[in-house]
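Counting from 1, the numbers follow the sequence of the chain as shown.
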Amino acid sequence: MDPKTTPEVGGMGHSIKRKEDPRFIRGKGTYVDDVQLPGMLYLDIVRSPHAHAKIVKIDTAKALAVKGVLAVITGKDLEKYNLHWMPTLMSDTQMVLPVEKVMYQAQEVAAVLATSRYAAADGAAAVNVQYDPLPVVVDPRKALEPGAPVLRTDKKDKKDNHIWHWEWGDKGATDRAFGEAAVTVKEDIYLPRIHVASIETCGCVAHFDKVMDKLTVWMTTQAPHAIRTVFALVAGHVGLAEHKIRIISPDIGGGFGGKVPVYPGYVIAVAASVLTGKPVKWIEDRMENLQADSFARDYHITAELAAKKDGTLTALRIKTLADHGYTDAAANPSKFPAGLFHVCTGSYDLKAAHVEVDGAYTNKPPGGIAYRCSFRVTEAVHTIERMVDLMAHQLNIDPADFRMKNFVKPEQFPYKSALGWEYDSGNYGGALKKAMDTIGYADLRREQAEKRKRGHLMGVGISSFTEIVGAGPSKHFDILGLKMFDSCEIRVHPTGKAIARFGTKSQGQGHETTYAQILAEELGIPAKDIQIEEGDTDTAPYGLGTYASRSTPVAGAAAAVASRKVRDKARKIAAYLLEAAEDDLVWEPGKFSVKGAPNKSKTIQDIAFAAYTNHPQGMEAGLEAVSYYDPPNLTYPFGSYICVVDVDSGTGEVKVRRFVAIDDCGNIINPMIVQGQVHGGLTMGLAPALFEEISYDEIGNIRGGSFIDYLLPTAVETPKWETGHTVTPSPHHPLGAKGVGESATVGAPAAIANAVVDALWHLGVRHIDIPITSAKVWKLLREKGVTE
Ligand code: CDP
């Protein structure tokens, strides 16, 4: 698609509308916390200081004495309505409020309902809970040891902390390949727990209107329709039918996967609103968000890679232990408990692979969300890119040459990977070459050799990742049984303006702009004349929402298909108006003209008017269409990143000197938005590589529970990103486009980690787990005898 043909970029239409909506009055904002309704009540939540403890007593007397406090809601109150537990997205169960025991520090214990936010907070502070501490399990390896305390005592027959075992690939062929291999490398790789830390925390305003018998929830969700269905399934027995539920997701200040799950606060707010008939607002504070909401990663990986003597890769074997916290609330397609981790052969032509994953319960908040990543692809990419680098260094082959040798070659596409994925298109060598030329790779290697002689620590790291986005073909992909298609509905008004609504939900990715561009390109209606709307279940067609970079591959395709349906009808109307045969009409964006008589034409605006005023008899009036697009395959964006680091041998500080990112997301709809996505994604890749981790001490106290010790990169730590792209269209997507939103977050950490190991390889360093903090590097350097 040529963005130049659609210069009038519209967009942000819904934000403008919401700014004028009197319900959003706080600072004229457009976020959930800006929703103000008459008589609104507020919720604050009491949280557990213990990671595992029996609840002996909840004393609410003092809280109820606080002026403005109306009620204290406990698990026992919800139990009366069978709402104290709810299902997770992976069909496990999660507490809304506990009745017997708490399972992690900062878990919700009770909720205080009050007439003001301040009264609710004072009330929460006055609730006195007595606990009886229980043994805590924070290490998933210990959780699986015989004799470990069984955590999920609510599950009648559960005798251990093992959730599931899952494996994929040909074990026999992989073991044989390892038996025959000339060279093998093996490494333990840990990807720590991290948090999406989006700008806005989670929250909602639930409003049950007793007169209309209808529940409206303004809510920070990336998947409004799925949430509506889940609410109806969970609360149908208390009278909440799906047609009486409206979920509105306004601007939500970033989601990154963290706003896919249902959190207890939402459910308590809904229950409180249904019981009181008043609107109820619940907004988390920053520490609650960091400490209790779903986490990402927490994968303990052991990977092995096999190669021939000449450096031809042959096989990959991976065993992983996945820490899911106290419940499996991962946002994965239901068929794949480890998400798309089995795309772990990456960009390389491996003949055999086998992957095993075991899930374990621990006393931590639920983990396993797809943090700016298509269901565990970051874990897969980090593993293969670290392993390939390790093998290259082991064989003393330049890591760029090694990758070039082992890449899936352009002529091999469509390429069936050893783990069964069919990669749609790619030119991995092209992207790496462009990255090498941009950064001056050969010169950097010369500089490194020269600096090493002088004792300076400089490293160059590569990550040539392959992503897998756009879930999904519905025959393989569903969440809680809901098939993963997505939708677009277009209505062209009589005056030639249009509205298009989608089942996805932008969180800042600029859908209002790019979707309008797609329609403008397909229909020839200027983008400024197109209103784009998402996130309101009463108006938008059903869709599975936005996460895992699925919007462009799925809803973007739906936009093209729905536009083409509109165009097909427009052709019939044009033929009638021009008194010509349909086949004799020529389309150019914006009008149909008669072949050989270009002056005989009708614009899309003429046709739209006729669709309501002068349509052919026998044809239905109107000009609209809907597409529920079920992609035939996923799309496989890719890229090559090269990072240059200087390591300070005195302090251990890693400085990213340069970072070149060449991305390929097929045809680009909006270059500026894509570049913005890559810049943001790279910074979100730098973060876990060098700074971010949420860990726990042995009794389950959270470390990294506030921004004092959960270190987000600022402009000071963030290098200048040098970005570029290649274009390899997807053969099956109607626009040739692939997703891009998460590529950079997925690809960047390995480039940085590889650069640091490259800088320290000659000292005997083979691997460092991220985050590669100064303290970690300093300690390592001292261990290796580096003294300054
Ligand atoms: O699902 P999500 O919106 O997070 O991810 P995406 O589909 O990768 O798209 C992110 C943003 O980049 C959207 O505004 C897309 O329309 C835009 N994009 C683009 O302009 N061209 C592409 N080939 C891919 C995405």
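Ala611 and Leu623 get closest at one heavy-atom pair: CB-CB, 4.0 Å. Residue Val492 comes nearest to Ala608 through the heavy atom pair CG1-CB, 3.7 Å, listed as atom of the first residue, atom of the second, then distance. Minimum heavy-atom separation, Ala625 to Val566: CB-CG2, 3.6 Å. Residue Gly508 comes nearest to Gln677 through the heavy atom pair O-NE2, 4.5 Å, listed as atom of the first residue, atom of the second, then distance. For the pair Ser730 and Thr635, the tightest heavy-atom approach, listed with the atom from each and the gap, is OG-CG2, 4.1 Å. Between Pro279 and Val205, the closest heavy-atom pair is CB-CG1, 4.4 Å.
We find the CD1-NZ distance between Ile252 and Lys259 to be 5.0 Å, quoted to the nearest 0.5 Å. Rounded to the nearest 0.5 angstrom, Leu519 CG and Ile499 CD1 are separated by 11.0 Å. Going from atom OG1 of Thr115 over to atom NZ of Lys278 covers 10.0 Å, rounded to the nearest 0.5 Å. Note that the CD1 atom of Ile530 and the CD1 atom of Ile490 stand 8.0 Å from one another [nearest 0.5 Å]. Residue Phe485 holds its CZ atom at 6.0 Å from CG of Leu544, rounded to the nearest 0.5 Å. Taken from CG in Asn332 to CG in Leu340, the straight-line distance is 7.5 Å, to the nearest 0.5 Å.
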- Message: Between Cys204 and Lys281, is the side-chain contact (heavy atoms from CB on, under 4.5 Å) condition met? List the steps.
- Response: CA-CA 6 Å; Cys204 70; Lys281 179 182 275 193; over 6 Å; no
- Message: Does Ser334 form a side-chain hydrogen bond (donor to acceptor under 3.5 Å, both in side chains) with Asp478? I'd like the steps, not just the answer.
- Response: CA-CA 6 Å; Ser334 55; Asp478 69 82; 2.4 Å; yes
- Test side-chain contact (heavy atoms from CB on, under 4.5 Å) applied to Tyr266 and Met219, step by step: CA-CA 8 Å; Tyr266 297 131; Met219 149 174 202; 3.6 Å; yes
- Show your working on side-chain contact (heavy atoms from CB on, under 4.5 Å) between Arg47 and Ile45 and close with a plain yes or no. CA-CA 6 Å; Arg47 293 181 183 271; Ile45 293 194; 4.0 Å; yes
- Item | CA sep, side-chain torsions, deciding dist, call: Thr546, Ser551, side-chain hydrogen bond (donor to acceptor under 3.5 Å, both in side chains) | CA-CA 6 Å; Thr546 290; Ser551 302; 2.8 Å; yes
- Query: side-chain contact (heavy atoms from CB on, under 4.5 Å) between Met40 and Val280: does it pass, once the steps are laid out?
  - Reply: CA-CA 6 Å; Met40 193 155 73; Val280 175; over 6 Å; no
- Stepwise salt bridge (charged side-chain N to carboxylate O under 4.0 Å, His left out) test for Asp209 and Lys244: CA-CA 10 Å; Asp209 183 329; Lys244 294 289 185 184; over 6 Å; no
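In this structure, Pro473 and Leu634 have side chains that are in contact, with non-hydrogen atoms separated by less than 4.5 Å. Pro526 has its side chain within reach of Asp529: a pair of non-hydrogen atoms, C-beta onward, lies under 4.5 Å apart. Contact of the Pro553 side chain with the Val469 side chain is registered, since non-hydrogen atoms from C-beta on lie closer than 4.5 Å. Side chains of Ile194 and Ile694 form no contact here, defined as non-hydrogen atoms less than 4.5 Å apart. No side-chain heavy atom of Gln107 sits under 4.5 Å from any side-chain heavy atom of Pro365.
The aromatic rings of Tyr547 and Phe375 lie perpendicular to each other, with more than 60° between the two planes, well past the 30° mark. Aromatic ring pairs are classed by plane angle as parallel below 30°, tilted from 30° to 60° and perpendicular above 60°; the pair His511 and Tyr515 is tilted.
With Arg501 contributing its side chain and Arg491 its backbone, the two residues share no donor-acceptor pair below 3.5 Å. A donor-acceptor pair is defined here as one N or O able to donate and one able to accept, closer than 3.5 Å; no such pair exists between the side chain of Gln509 and the backbone of Gly741. In this structure, the side chain of Ser273 engages the main chain of Phe208 through a donor-acceptor pair within 3.5 Å. Checked by atom type and distance alone, the side chain of Thr552 never pairs as donor or acceptor with a backbone atom of Gly556 at under 3.5 Å. Between the Arg372 side chain and the Ser743 main chain, no donor and acceptor come within less than 3.5 Å of each other. Judged purely by atom type and a 3.5 angstrom limit, Arg228 has no side-chain atom pairing as donor or acceptor with the backbone of Ile247. Side chain of Glu533 to main chain of Ala500: no donor-acceptor pair is present (N/O by atom type, distance under 3.5 Å, no hydrogens or angles). With Arg246 contributing its side chain and Thr216 its backbone, the two residues share no donor-acceptor pair below 3.5 Å. Side-chain N or O atoms of Ser487 include one that pairs as donor or acceptor with a backbone N or O of Tyr542 at under 3.5 Å. A donor-acceptor pair under 3.5 Å links the side-chain atoms of Gln507 to the main chain of Lys505, judged by distance alone.
In the displayed structure, Phe707 atom CZ is contacted under 6.0 Å by more than 12 heavy atoms of other residues, nucleotides or ligands.
Side chains of Trp721 and Thr683: a donor-acceptor N/O pair is present below 3.5 angstrom, by distance only. With no hydrogens or angles considered, a side-chain donor-acceptor pair links Asp630 and Ser474 at under 3.5 Å. A donor-acceptor pair shorter than 3.5 Å cannot be found between the side chains of Asn289 and Thr201. Between the side chains of Lys738 and His733, no donor-acceptor pair is found at a separation under 3.5 Å. Side-chain N/O atoms of Thr504 and Glu534 include a donor and acceptor closer than 3.5 Å. With hydrogens and angles left out, the side-chain atoms of Tyr636 and Glu467 include no donor and acceptor closer than 3.5 Å. Residues Thr229 and Glu242 bring a donor and an acceptor atom of their side chains to less than 3.5 Å of each other. There is no side-chain donor-acceptor pair under 3.5 Å between Thr220 and Tyr31. Between the side chains of Thr723 and Gln675, at least one donor N or O lies within less than 3.5 Å of an accepting N or O. For Asn670 and Thr514, the side-chain atoms include no donor-acceptor pair closer than 3.5 Å.
In summary, the aromatic rings of Phe336 and Phe341 are positioned with their centroids too far apart to meet the 6.0 Å limit.
The cationic atom of Arg193 (NZ for Lys, CZ for Arg) lies less than 6.0 Å from the six-membered ring centre of Phe295 and within 45° of the ring axis.
Under the salt bridge (Lys or Arg N to Asp or Glu O under 4.0 Å) criterion, Lys565 pairs with no residue at all, not counting sequence neighbours.
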